[in-house]
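Everything below concerns the one structure shown next.
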Amino acid sequence: MTVRTRIAPSPTGDPHVGTAFVALINYCYAKQHGGQFLLRIEDTDRVRSSPAAERAILDALHWLGLHWDEGPDVGGPHGPYRQGERLAFYTRYANELLAGGHAFRCFCTPERLDAVRLEQRQMGKPPGYDGHCLNLGEKEIAANDAAGIPSVVRMKVPREGSVTIDDLLRGPIVFEWRTVDMQVLVKSDGWPTYHLANVVDDHLMQITHVMRGEEWISSAPKHALLYDYLGWKMPQLAHLPLLRNADKSKLSKRKNPTGIRFYQRMGYLPEALVNFLGLLAVPPLEGEEIMDLPTMIGRFNLEHVSVGGPVFDVAKLDWLNGRYLREKLDAHGFEERVRAWTLNEDYLGRIAPLAQSRIERLSDLGPLTSFFFAGRLDVTAAQLREGKLDELALRQAFVMAAALLDALDEWDVPHIEEVIRAIADVLEKKLRDVVRPFYVAITGSAQSVPLFDSMAILGRDLVRERLRVALERLGGVTAAEQEAWKKMIERGRPAGETQA
RNA sequence: GGCGCCAUAGUCUAUCGGUUAGGACGCGGCCCUUUCAAGGCCGAGAGACGGGUUCGAUUCCCGUUGGCGCUACCA
C-alpha cells in the first residue's frame, strides 16, 4: 500500500507559515516512502472561503517548492480536490449515517445550545450537546420540516466507555466518550462541517497518514467514531506541534507576521524559509544547518519530530537567509534574485507613474520611493503623532484599519480607500487628518506618493506589519481596547451614507 | 470551568539509564580588516519542582507547577 499524505488548507485569509510547516512534513514523509502528496481545498465554510485565497495558497506553496501529485490545479484520479465540488459525497454519507442510526436531526436553536453549555460549565461538567433532539419521532421531524424550522445533522456519541487514539508521535491518547461532543456533521445550509468532510475525503482519496496540527487532537475521537460508523479504516494519525509566538502562544498575526507572502515580500528566499521550517522537524547533523529539500526528505524521520511547540525564531531565519544569499548564490544568481524580488518591470512599472509628477530630477526617485523596497520602517512615535489626531483617535484609527483591512476580500485601491474613509467617518475626523499618520506608518513620511496606491502595491502582508509596528511604537493596545474599537466600526455608519 | 497535549540555556535542538549534557541562532570578547558586514577563534548560558523505581536518573512512573490547544452550524 503506497503512502498517501495530504495538506488540506482552508482558503480563508492569507497563506500561513503554519500551513507550509505541515505541508513540508507531509511532503517529506510521502516522498521518502515513494508515495504521493496531495492538496485538497477545504472550503466548506461558504461565507469565509474565497477563490482569491485559494489561489494565494497554491501560489505560496509552489513558491516554496512544495508541489503535489494531485490537487485542484493539477487534477488526479480522486478528484475533485475542492470540497465545494464534492457536496454529493457528503450528502450521501450523511444520509447513510442517518439511516444507520449513527446520526440524528437536530432542531435546537443557537440560543438554547448556548444556555445549555453555560449551565454545564457552571456545574463543572464537560460542555456539549445534551441530547435534546436525540429521540425525535418521525412525525415530529416531518412537522418541524414542514414548519420550515432550520436543522442540522449531529453524530451520535456513546455516553459511556472510552476510546484510545494512537498517535504516531505521542503514543496512545485516551478519551472518555462522555467528554466528546455530539458534533454537528451537516450545517443548516446543507454543507458538511470539517469533521464529516475530512473523514469522507481522506477515505475516498485513500489517504494513509494524516499529519495535522495538534489543535485537532481533541477532535480525533469523533473522527475515529465516524470511520467506525462508516465501516472504514482510519488513516494513521500524527498531530504536529503548533508554531508559536515569542511568548509561546500559538503563532498569530496580531503578534507576528504569519503570512508566507510576508516573508516573500521581505526578501527571504524560499529555500531559506523551507530550510528554516525543516529545522523544526528534522534535527540537523551537528554543525551544519543548511539543508535542501532532497536532504530533508532523506533525513526525515517522523519519530524524531519533537512535539514541543517551537517558537518561530525570526533571528535564526535571518541568519539562514543571509547564508543562502551569500553562500548559495553566485554574483549573477544574486542579481537575478534581486530582480525577481522587486527590481522588475512589473513592480517598477506600478511605482514609476506615482512618482513622475512629483519629482524634478530622476535622482529624486530614490528617496521618494525607497519605502517600496524596504521591510519595516523606522518611524518614531513623535512622527506618528505630528498630525491633528489626538492620541486616542490615532490609536483607534490604526486598530480599526488593521481589522478592516484584514477582512477585505479584494486588495485594491477602491477597497482600501473605502476602509480609510469609513474610519474617518466613524471617528468623525477629516480624511486629511486621518490619512496623515497612515502616510507616516506606511511610507515613512507625511509627504509621499499616493497612499492608497502605495498600500495596494505593497500588499496586505507588508501593510499589516507596518501598521503593527506603528501601533507598537505608540505603546500598543490592550485586548479590551481592541475589542471595544472593533465594535465601534461594526456600529459605525458604512462609508456610503456619510451625512447625518 | 471541563477535556487533552507538552516541559534540556533567551530561542531551535542532540541525548533513546552511566556523557566534563553535544551542536546551532542570539549575546559578550579577541583576531582579520580603510568602515561596516562576512569569516576565524574564545567565552557566558540548560535538564521547572517534589516524590518514587534503580547500584545509578535529563532519560522510566506518579504528583505539583507552568505553557499551550480544544471546548462553534470555523477550519
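All chains are named by letter (A, B, ...) in the order of the sequence lines, taking the proteins before the strands, and each is independently numbered beginning at 1.
With a 6.0 Å radius and a threshold of 12 heavy atoms from other residues, nucleotides or ligands, A/E327 has its CD atom above the threshold. Applying the 6.0 Å contact sphere to CZ of A/R339 captures no more than 12 heavy atoms from other residues, nucleotides or ligands. For A/E288, the CD atom sits in a packed shell: over 12 heavy atoms of surrounding residues, nucleotides or ligands are nearer than 6.0 Å.
Comparing B/rC12 with B/rA44, their P atoms are spaced 22 Å from each other, to the whole Å. Taking the P atoms as reference points, B/rG29 lies 24 Å from B/rG22, given to the whole Å. A gap of 13 Å separates the C1' atoms of B/rA7 and B/rU59, to the nearest Å. The P atoms of B/rC49 and B/rU58 are separated by 10 Å, rounded to the nearest whole Å. The separation of B/rG4 from B/rG63, taken at their P atoms, amounts to 11 Å, rounded to a whole angstrom. Remark: the separation of the C1' atoms in B/rC41 and B/rU35 is 23 Å, to the nearest Å. Taking atom P in both B/rG43 and B/rC25, one finds a spacing of 15 Å when rounded to whole Å. Atom P of B/rG28 sits at a distance of 27 Å from the matching atom of B/rA21, rounded to the whole Å.
A/P310 comes within 4.0 angstrom of the backbone, heavy atoms only, and of no base. A/F175 comes within 4.0 angstrom of the backbone, heavy atoms only, and of no base. Among the heavy atoms of the strands, none lies under 4.0 Å from A/V47.
As a whole-Å value, the separation of A/D313 CG from B/rC25 P is 11 Å. Summarising the geometry, the separation between NE2 on A/H239 and P on B/rC6 is reported as 12 Å, rounded to the nearest angstrom. In this structure, A/L169 atom CG and B/rG4 atom P are separated by 19 Å, rounded to whole Å. Note: CD (A/E289) to C1' (B/rC12) measures 8 Å, nearest angstrom. Regarding A/R244, its CZ atom lies at a distance of 12 Å from the P atom of B/rC6, rounded to whole Å. Put simply, CZ on A/F300 is 13 Å from P on B/rU13, counting in whole angstrom units. Rounded to whole Å, the distance from CG on A/N301 to P on B/rC16 is 15 Å. Rounding to whole angstrom units, CG of residue A/L118 and C1' of B/rU71 are separated by 13 Å.
With a cut-off of 3.5 Å on both Watson-Crick or G-U wobble distances, the partner of B/rC36 is given as none. Figure legend. B/rA48 is base-paired to B/rU64; pairs are counted as Watson-Crick or G-U wobble with both atom distances under 3.5 Å. Applying the Watson-Crick and G-U wobble criteria (two distances, each under 3.5 Å), B/rC55 pairs with B/rG18. Under the Watson-Crick or G-U wobble criterion, with both distances below 3.5 Å, B/rC25 is paired with B/rG10.
Using modelled atom types, one finds a donor on one side chain and an acceptor on the other under 3.5 Å when comparing A/Y90 with A/D201. A donor-acceptor contact closer than 3.5 angstrom links the side chains of A/H239 and A/R212. Under the 3.5 Å distance criterion, with hydrogens and angles disregarded, a donor-acceptor pair is assigned to the side chains of A/Y81 and A/E70.
Comparing A/V174 and A/P284 by the nucleotide of RNA chain B that holds the closest heavy atom to each, the one mapping nearer the 5' end is A/V174. Each of A/G124 and A/F312 was matched to the nucleotide of RNA chain B holding its nearest heavy atom; the match closer to the 5' end belongs to A/G124.
Salt-bridge check for A/R323 with A/E289: failed, with every basic side-chain N at 4.0 Å or more from each acidic carboxylate O.
Checking the phosphate oxygens (OP1, OP2) of B/rC12, a side-chain nitrogen or oxygen of A/K248 falls inside 4.0 Å.
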*For A/D14 and A/R261, what are the C-alpha separation, side-chain angles and deciding distance, and is it a salt bridge (Lys or Arg N to Asp or Glu O under 4.0 Å)?*
CA-CA 8 Å; A/D14 298 319; A/R261 288 188 301 189; 2.9 Å; yes
_As a quick check of understanding, evaluate side chain to side chain donor-acceptor pair (under 3.5 Å) for A/N321 and A/Y263, giving each step before the final call._
CA-CA 11 Å; A/N321 200 58; A/Y263 293 92; over 6 Å; no
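The only member of A/W68, A/F300, A/F37 that meets ring-ring contact (aromatic ring centres under 6.0 Å, His included) when paired with A/Y27 is A/F37. Residue A/H102 is tested with A/Y229, A/Y227, A/Y93 for a ring-ring contact (aromatic ring centres under 6.0 Å, His included); the sole match is A/Y229.
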What does the list of N/O pairs under 3.5 Å between the protein and nucleotides 73-75 of chain B look like, with a distance for each?
from, atom 1, to, atom 2, distance (Å)
B/rC73, O2, A/S188, N, 2.7
B/rC73, O2, A/S188, OG, 2.7
B/rC73, N3, A/S188, OG, 3.0
B/rC74, OP2, A/K187, NZ, 3.4
B/rC74, O2', A/D45, OD2, 3.0
B/rC74, O2', A/R48, NH2, 3.3
B/rC74, O2, A/R48, NH2, 3.3
B/rA75, OP1, A/T44, OG1, 2.9
B/rA75, OP1, A/K187, NZ, 2.8
B/rA75, OP2, A/Y194, N, 3.2
B/rA75, O3', A/E42, OE1, 3.1

Do any N or O atoms of the protein come closer than 3.5 Å to N or O atoms of nucleotides 28-39 of chain B, and which pairs are they?
from, atom 1, to, atom 2, distance (Å)
B/rA38, O3', A/R326, NH1, 3.2

